[in-house]
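Side chains are part of it too, since the values below use all heavy atoms of this structure and drop only hydrogens, waters and symmetry mates. Positions are given from 1 along the sequence.
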Amino acid sequence: MRNDRVFTVRDILQRPVFSQARLAAGQEGLERQVGWVHVLEITNVSPFVSPHDLILSTGLWLQSEEGREAYLMQLINREAAGLCVEFGTSVHAIPESLIELANQHQFPLIVFEQPVRFVEITQDIHSLLINHQHQLLKSLETYSRELQQRTLQSTDMSAVLELLYAYSAKPVVYISSMEAGSFVPELAPEMEQSIYSWYSRDVEQLNLNDSDTELWFHMDEETALLCYPVVCFGQVFSAIGMIVHPSATVEYLKLLLDYTAKAAAALTLRSQFLEEKMVRNQNELIQDLMHGHIQQEEQARTRMGLRLLVKGQYWFAGGILEIEHRTKGTGRERMETNHQDILVLLRSLLKKNHLTSLIMLKNNQIYLCCAKEETRTSSRQQLIHILESITQDIKRFARSNLKQVEIHAGFGKLRNQLTRLKDSLQEAYQVIEVARSVKPMQHVHFYDRMGIYQMLKAMPPSFLQAFAIDHLGVLMEHDQSHQLRLVETLDAYLANFGCKRDAAAQLFVHRQTLYNRLEKLEELLGPDYMQQEKRVCLEMALLANAMIEGAAGPSS
């Protein structure tokens with residue numbers, strides 16, 4: 001008995017208990033699925049009928065002409081499998097109007113020419129359905145056990161795909177963002193290409209938190225791909241599916257795919273964790289680059305595994321991910337588990353985006369170096385976009401799955417020399433420091449987007465502090481003694497280009513209150529403080545002061 005089969009009205013009519021029955025209407029609906037059989041003699045049947053129910057009746061509802069068509073339409077609208085009517089107890093014929101209605105909707109109408117025992121019919125059909133369900137569950141249990149054995153023996157997906165093909169008897173498809181896809185058996189090249197295109201267009205960029213989402217790709221009227229994404233850490237890294245007929249019953253196949261997708265996710269994670277044991281060479285290379293031990297660019301690229309280019313160039317991005325545990329007393333074991341989860345996700349996302357990379361975890365910091373060859377279709381801006389997307393994905397994962405863990409990320413300028421990784425990492429540190437200390441910059445991850453803070457970070461902190469005091473000291477002293485918030489007022493006034501209305505709204509003060517403060521500012525700074533040269537100095541001092549205060553943290 002095939003596990004993926006369903007029982008239809010045609011099958012049921014072959015049972016001995018239906019030997020005295022005949023099909024009165026709905027010849028074209030014989031392929032309707034039968035999921036259950038029960039007796040109904042009431043006229044309001046909609047609440048008690050489920051899809052695929054085969055209804056047995058003595059035809060009491062036919063004794064009154066009123067409501068006959070409505071009764072039949074209730075069954076049709078509820079997607080019942082069909083209706084069986086017994087003659088001789090309540091009725092002796094089916095009105096022609098009902099036969100026409102049943103034919104119109106391809107709804108099987110079966111009649112018994114003489115009274116029959118409904119209990120024998122229900123017992124027979126229910127035994128058939130229940131035994132089939134039992135066999136299906138036994139098959140799934142066996143499949144699950146064999147699937148577990150194969151995944152424990154190796155990380156090779158081909159063994160899993162062969163097992164799925166054996167149980168489903170359908171062509172199996174496996175598409176991955178990190179490795180070559182597989183088709184068991186091989187499909188026509190044009191069909192394989194259309195599946196690849198659909199995956200990259202509609203599946204690869206999905207962000208899912210649930211691996212039970214089914215996807216359909218209808219290739220033509222006779223062919224469809226039923227697919228389940230393989231999800232790890234809320235990211236789609238691959239998908240597994242099978243070729244079916246669009247109208248086929250696929251409940252059993254869905255269960256097989258669900259089991260297989262979860263097994264594929266476990267294999268993906270295991271293979272990524274195994275890679276973590278093979279990173280010693282990467283750690284050594286990053287350490288050598290950070291300390292300037294490699295002077296020859298060709299040597300550095302060779303050790304990273306990059307091919308030497310005759311034309312074109314590489315773009316290299318150096319960055320740091322800093323993992324902050326905000327819960328006091330977090331155990332070392334829990335911290336290391338969190339670090340490994342983030343590291344595995346990062347490595348998987350880099351692989352998914354086809355970036356050659358070096359990764360090193362040290363304490364709570366992940367050092368990263370990515371390389372991308374510049375082509376006609378890819379450039380440094382594309383690399384920046386990919387790294388921004390990866391950063392957001394990791395931050396989203398930490399917020400959703402890790403308790404009180406925050407990710408800080410920074411990337412230095414993109415360069416064409418791998419040997420300048422040290423400079424990029426120093427810039428990455430500066431990005432993280434500015435993002436931590438300056439609220440408007442907390443979502444900036446790239447050194448190129450730091451603007452004026454590039455220059456401010458290049459200045460010694462002692463110089464910046466002295467500069468801020470030289471230009472804002474008189475306001476700071478006045479604020480300490482009179483609590484007028486003059487520094488904050490000046491910042492808002494300059495930020496709004498001298499617009500008093502907008503400055504007052506930002507400060508949440510009355511317009512007259514702002515006028516009073518502006519008068520005090522003019523008194524303390526001089527009437528020319530809005531002239532360009534002095535205004536620029538004040539703006540720089542405000543930025544420096546905010547950065548210094550943010551780095552110091554909130555006062556106790």
Side-chain angles (χ1 to χ4, degrees), residues 3-4 136-137 139-185 187 192 195-219 223-244 246 248-274 341 344-345 347-349 351-352 393 397 400-401:
N3 289 315
D4 62 333
L136 185 149
L137 293 175
S139 175
L140 287 173
E141 182 182 358
T142 304
Y143 178 75
S144 177
R145 187 164 53 249
E146 292 188 30
L147 186 63
Q148 185 179 35
Q149 290 174 352
R150 296 204 180 192
T151 54
L152 289 175
Q153 290 171 357
S154 73
T155 59
D156 184 11
M157 270 300 299
S158 62
V160 171
L161 300 179
E162 292 288 349
L163 182 64
L164 177 60
Y165 176 62
Y167 271 76
S168 67
K170 306 290 184 185
V172 173
V173 172
Y174 176 72
I175 305 295
S176 173
S177 303
M178 301 186 294
E179 56 185 327
S182 298
F183 301 88
V184 182
L187 304 176
E192 292 184 2
I195 292 174
Y196 277 119
S197 300
W198 170 74
Y199 174 80
S200 61
R201 181 181 68 249
D202 297 338
V203 182
E204 193 171 22
Q205 302 305 320
L206 288 176
N207 285 320
L208 301 175
N209 294 315
D210 186 358
S211 60
D212 295 335
T213 302
E214 66 182 65
L215 303 169
W216 284 89
F217 174 41
H218 294 274
M219 287 174 273
T223 310
L225 174 64
L226 170 62
C227 202
Y228 272 53
V230 177
V231 180
C232 306
F233 300 120
Q235 297 286 324
V236 177
F237 291 109
S238 55
I240 191 161
M242 56 183 66
I243 305 295
V244 298
T249 301
V250 293
E251 281 75 9
Y252 173 73
L253 302 180
K254 286 181 181 180
L255 293 172
L256 290 178
L257 282 174
D258 183 46
Y259 283 20
T260 310
K262 289 180 170 62
L267 286 180
T268 299
L269 286 177
R270 198 168 83 205
S271 63
Q272 294 303 305
F273 276 111
L274 287 175
D341 285 347
V344 168
L345 175 58
R347 192 179 297 279
S348 301
L349 289 171
K351 195 171 182 180
K352 177 180 178 179
D393 286 339
F397 167 76
S400 302
N401 300 278

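- The two residues Ala261 and Pro229 have their closest heavy-atom pair at CB-O, 4.0 Å.
- You'll find the ring centres of Tyr259 and Tyr167 outside the 6.0 Å limit.
- Minimum interatomic distance between Ser197 and Ser200 (heavy atoms only, all atoms of both residues): O-OG, 3.0 Å.
- Between Ile240 and Leu164, some side-chain heavy-atom pair lies under the 4.5 Å cut-off.
- Here the CE-OG distance, from Met157 to Ser182, works out to 7.5 Å after rounding to the nearest 0.5 Å.
- Ser238 and Tyr199 share no side-chain donor-acceptor pair at under 3.5 Å.
- In this structure, OH in Tyr228 is found 10.0 Å from CE in Met242, a value given to the nearest 0.5 Å.
- Distance alone, capped at 3.5 Å, is enough to place a donor-acceptor pair between the Arg150 side chain and the Ala159 backbone.
- Separating the OG atom in Ser400 from the CZ atom in Phe397 is a distance of 8.5 Å, to the nearest 0.5 Å.
- Scored by the side chain to side chain donor-acceptor pair (under 3.5 Å) test, Thr142 finds no partners at all (sequence neighbours excluded).
- Contact record, Ile243 with Val173: CD1-CG2, 4.2 Å, taken as the closest heavy-atom pair.
- Atom CZ of residue Phe237 and atom OG1 of residue Thr268 lie 8.0 Å apart, to the nearest 0.5 angstrom.
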Yes or no on side-chain contact (heavy atoms from CB on, under 4.5 Å) for Leu163 and Glu146, after CA distance, side-chain angles and deciding distance? CA-CA 8 Å; Leu163 182 64; Glu146 292 188 30; 3.2 Å; yes
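- Between the side chains of Ser139 and Tyr252, at least one donor N or O sits under 3.5 Å from an acceptor N or O.
- Here the side chains of Leu225 and Val244 are not in contact, with every heavy-atom distance at 4.5 Å or above.
- Using a 4.5 Å heavy-atom threshold, the side chains of Ile195 and Phe183 count as touching.
- Counting non-hydrogen atoms of other residues, nucleotides and ligands closer than 6.0 Å to CD of Glu251 gives a total above 12.
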Check: Passes side-chain contact (heavy atoms from CB on, under 4.5 Å), Val203 versus Ile175? Steps please.
Finding: CA-CA 10 Å; Val203 182; Ile175 305 295; over 6 Å; no
*Start with the C-alpha distance between Asp258 and Lys254, add both sets of side-chain angles, then the distance that settles salt bridge (Lys or Arg N to Asp or Glu O under 4.0 Å), and finish with yes or no.*
CA-CA 6 Å; Asp258 183 46; Lys254 286 181 181 180; over 6 Å; no
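- In terms of heavy-atom proximity, Cys232 sits nearest to Ala265 at SG-O, 3.6 Å.
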**OP:** Take Thr260 and Tyr143 through the test side-chain contact (heavy atoms from CB on, under 4.5 Å) and record every step on the way to the result.
**Re:** CA-CA 10 Å; Thr260 310; Tyr143 178 75; 2.6 Å; yes
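- The distance from atom NE2 of His218 to atom CH2 of Trp198, rounded to the nearest 0.5 Å, is 10.0 Å.
- A donor-acceptor pair under 3.5 Å is formed between the side chain of Glu192 and the backbone N or O of Leu187.
- Here the shortest heavy-atom pairing between Thr151 and Ala263 reads CG2-CB, 4.0 Å.
- Considering all non-hydrogen atoms of both residues, Pro246 and Thr223 come closest at CD-N, 3.7 Å.
- Using modelled atom types, no side-chain atom of Ser144 and backbone atom of Leu140 make a donor-acceptor pair closer than 3.5 Å.
- Between the side chain of Lys352 and the main chain of Gln235, no donor-acceptor pair closer than 3.5 Å is present.
- To the nearest 0.5 Å, the span separating CG on Leu257 from NZ on Lys262 amounts to 11.0 Å.
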Exercise. Begin with the C-alpha distance, continue with both residues' side-chain angles, and end with the deciding distance and a verdict on side-chain contact (heavy atoms from CB on, under 4.5 Å) for Lys170 and Leu226.
Key: CA-CA 11 Å; Lys170 306 290 184 185; Leu226 170 62; over 6 Å; no
